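Worksheet: one structure, shown below.
What you see is a predicted model; the values in this text were computed from it and never measured. Letters A, B, ... are given to chains in the order of the sequence lines, protein chains preceding strands, and every chain is numbered from 1.
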Amino acid sequence: MMSLIDLFSGALILASLPFFVAGTLGLLRFPDLYCRLHALTKADNLGLGLVVLALMLQAQSWLQVLRLLLIWLLVLIAGATVAHLIARKALAAGHRPWRRP
Amino acid sequence: MTGAQTLFDGLLVLLLVILAWVLLASKDLFRAIVLFISFGLLLALAWLRLKAPDIALAEAIIGAGITGALLLVGLGRLGSAVRCRPLPVRTTPLQRLSAPLLVGLLLPSIAAVVLVELFTLPIVASGQIKLVAAHLEHAGVDHPVTAVLLNFRGYDTFLEMGVLLLAVLSIWSLDRARHPFARDQIPAALLTLQRLLLPLLILVAGYILQRGAQGPGGAFQAGALLAAGIILAALCGHRLPPGHQGLLLRLALSCGFTTFLLAAAVTLARSGVPLLYPEHLAGSLILLIEIAATFSIAFLLAAAMAGGHPVPEAKPTAIDERKSA
Amino acid sequence: MTSLSLIVALILLLTIALGLIRVLRGPTPTDRMLAAQLFGTTAVAILLLLGFATHSPVMTDVALVFALLTAVAAVTFVRRAEVDPMAPEQDVDDVPD
């Protein structure tokens with residue numbers, strides 16, 4: 001029984017890795033800041049979400065589950081807002097979105 | 001398992017050293033600030049790996065949150081008028097060689113002295129842990145770090161409050177405060193974020209403050225969190241209401257220091273030793289001082305952000321007229 | 001589970017190291033700020049994983065504080081930059097009495 005939960009958690013943690021790696025690679029390789037912004041939010045939403053889900057399965061108490069959920073929701077909301085604000089500011093400052101040449 | 005831990009620690013140390021070097025050498029001030037924020041994040045991780053959660057908490061709040069915001073505002077205030085200019089050309093070869101010589105000769109010799117001294121030290125240094133543990137039951141709190149900071153070596157924290165107060169007083173003597181953020185055109189998404197984050201920041205600050213008696217936390221961390229809340233409110237265009245910038249603001253800034261001072265004066269009169277709390281009152285006294293210090297730290301950090309002494313607000317009508325004109 | 005979390009935490013630290021390249025290269029301040037934003041999220045994940053692996057619940061608190069505060073620096077960046085540093089100050093203290 002325990003090992004099944006462990007298996008699930010392990011799989012979820014492993015599944016989070018591609019999102020963080022993709023976020024970083026996107027940050028490095030994508031051509032302009034709007035594309036990079038797009039790559040970034042994958043790590044916020046799914047990468048951290050999967051880690052939180054995995055650790056929620058392992059939590060000792062409901063309080064811990066709630067704290068983990070709160071952390072994820074905070075990062076989600078703050079990340080989404082900041083992404084919006086940055087894109088808005090960049091557009092206002094006259095940064096043109098990249099087009100395939 | 002230990003292999004992964006060792007690799008993690010090694011990479012962390014390597015990254016910290018590289019970051020420190022690159023950020024000090026950076027000519028682009030904005031790049032240096034972002035590097036500094038990243039440095040703060042990693043430093044908090046390092047403190048946790050060193051099993052110092054109190055410092056990690058403080059570093060996470062100060063390093064990753066407040067200093068970043070403070071430096072960004074400071075850079076905005078400098079404007080594009082100030083850029084890192086290269087130093088004037090050095091003339092003699094000796095002057096040109098002085099910096100590499102200093103670094104090349106002095107640093108290795110200092111390192112050698114430190115290394116030699118390192119090996120003469122006892123392998124297991126317990127420091128003051130035993131001493132603190134022996135007296136913890138008289139401290140009024142259960143967390144040894146809080147006991148040291150507010151009871152056994154309370155004068156350290158007392159003087160630190162004084163240093164913070166002095167820092168803000170010197171900022172006030174430099175210039176008038178300028179609200180660094182635009183008051184209008186606040187994005188709706190930001191307002192929503194503020195409505196959500198501000199109550200949470202206050203709640204978590206309270207949680208961290210009260211937990212200082214039993215575990216990692218306390219006045220400094222709580223005050224810094226509150227300061228982040230004030231900064232967030234300022235980012236959304238809020239300002240101190242007129243009439244609250246005089247005595248009330250000064251009271252908020254200094255109440256941490258004055259509460260400590262009063263406690264020192266009363267204990268001096270009672271027992272002849274400043275800050276020697278009577279055992280049955282120690283817990284309540286520490287909590288009282290911590291609450292006052294939390295408010296002071298919050299307002300002191302936020303006042304540093306304003307970058308100068310407060311100026312009386314002009315009547316709102318005057319601004320409106322100017323805007324519409 | 002614990003060793004897996006440690007290894008994943010290590011890989012996440014490696015992604016931070018890689019992401020530093022974007023901070024160094026830029027080219028715009030926004031690009032650099034984006035990288036710092038990603039570091040914040042990654043640090044939260046590392047903290048949670050390390051806290052689980054080393055059985056120290058206090059790491060969750062530090063992660064919570066990170067989650068609360070990573071937005072503050074980024075919002076400061078966005079809001080501050082809206083004021084053009086070369087433009088004359090439009091603030092209240094310039095209003096003649």
Atom group of B:Leu42 that falls short of 4.5 Å from chain C, counting heavy atoms = side chain
key: Leading residue by heavy atom contact count with chain B [cutoff under 4.5 Å; candidates C:Ile7, C:Leu47, C:Leu24]   = C:Leu24
Close aromatic pair by centroid cut-off 6.0 Å: C:Phe77 and B:Phe30 = yes
task = Go through the atoms of B:Leu71 and report whether side chain, backbone, both or neither lie under 4.5 Å from a heavy atom of chain C.
result = neither
task = Check whether the side chains of B:Asp9 and B:Thr6 place a donor and an acceptor atom closer than 3.5 Å, and report yes or no.
result = no
query = Would you say C:Thr42's side chain and C:Leu38's backbone share a donor-acceptor pair under 3.5 angstrom?
reply = yes
Chain B contacts, top residue of C:Val72, C:Val62, C:Asp61 (heavy-atom pairs, under 4.5 Å) = C:Asp61
request  = Kindly say whether C:Ala53 contributes a backbone atom to a donor-acceptor pair with the side chain of C:Ser5 at under 3.5 angstrom?
outcome  = no
ask   = For B:Leu45, is it the side chain, the backbone, both, or neither that has a heavy atom closer than 4.5 Å to a heavy atom of chain C?
value = side chain
query = Contact part of C:Phe66 toward chain B, heavy-atom cut-off under 4.5 Å: side chain, backbone, both or neither?
reply = side chain
key: Max heavy-atom pair count under 4.5 Å with chain B, selected residue of C:Val23, C:Leu10, C:Leu14   = C:Leu10
query = Side chain, backbone, both or neither: which part of C:Leu50 has an atom under 4.5 Å from a heavy atom of chain B?
reply = side chain
message = Is B:Ile37 in contact with chain C via its backbone, its side chain, both, or neither, using a 4.5 Å heavy-atom distance?
response = side chain
remark   = Cut-off 4.5 Å, heavy atoms of chain C, and the answer for B:Leu190 is side chain
task = Examine whether an atom of B:Leu14 lies under 4.5 Å from a heavy atom of chain C, and if so say whether it belongs to the side chain, the backbone or both; otherwise answer neither.
result = neither
task = Could you tell me which portion of B:Leu70 (side chain, backbone, both or neither) has an atom closer than 4.5 angstrom to a non-hydrogen atom of chain C?
result = neither
query = So what's closer than 4.5 Å to chain C heavy atoms on B:Ile18: side chain, backbone, both or neither?
reply = neither
ask   = What residue in C:Ala9, C:Ala43, C:Ala35 has the most heavy-atom pairs under 4.5 Å with chain B?
value = C:Ala9
ask   = For the candidates C:Thr70, C:Leu68, C:Leu13, which exhibits the highest count of non-hydrogen atom pairs separated by less than 4.5 Å from chain B?
value = C:Leu13
inquiry  = Please classify the contact between B:Leu11 and chain C as side chain, backbone, both or neither, with a heavy-atom cut-off of under 4.5 Å.
reply    = both
ask   = Rounded to the nearest 0.5 Å, what separation is found between the OG1 atom of C:Thr41 and the CD1 atom of C:Ile46?
value = 11.0 Å
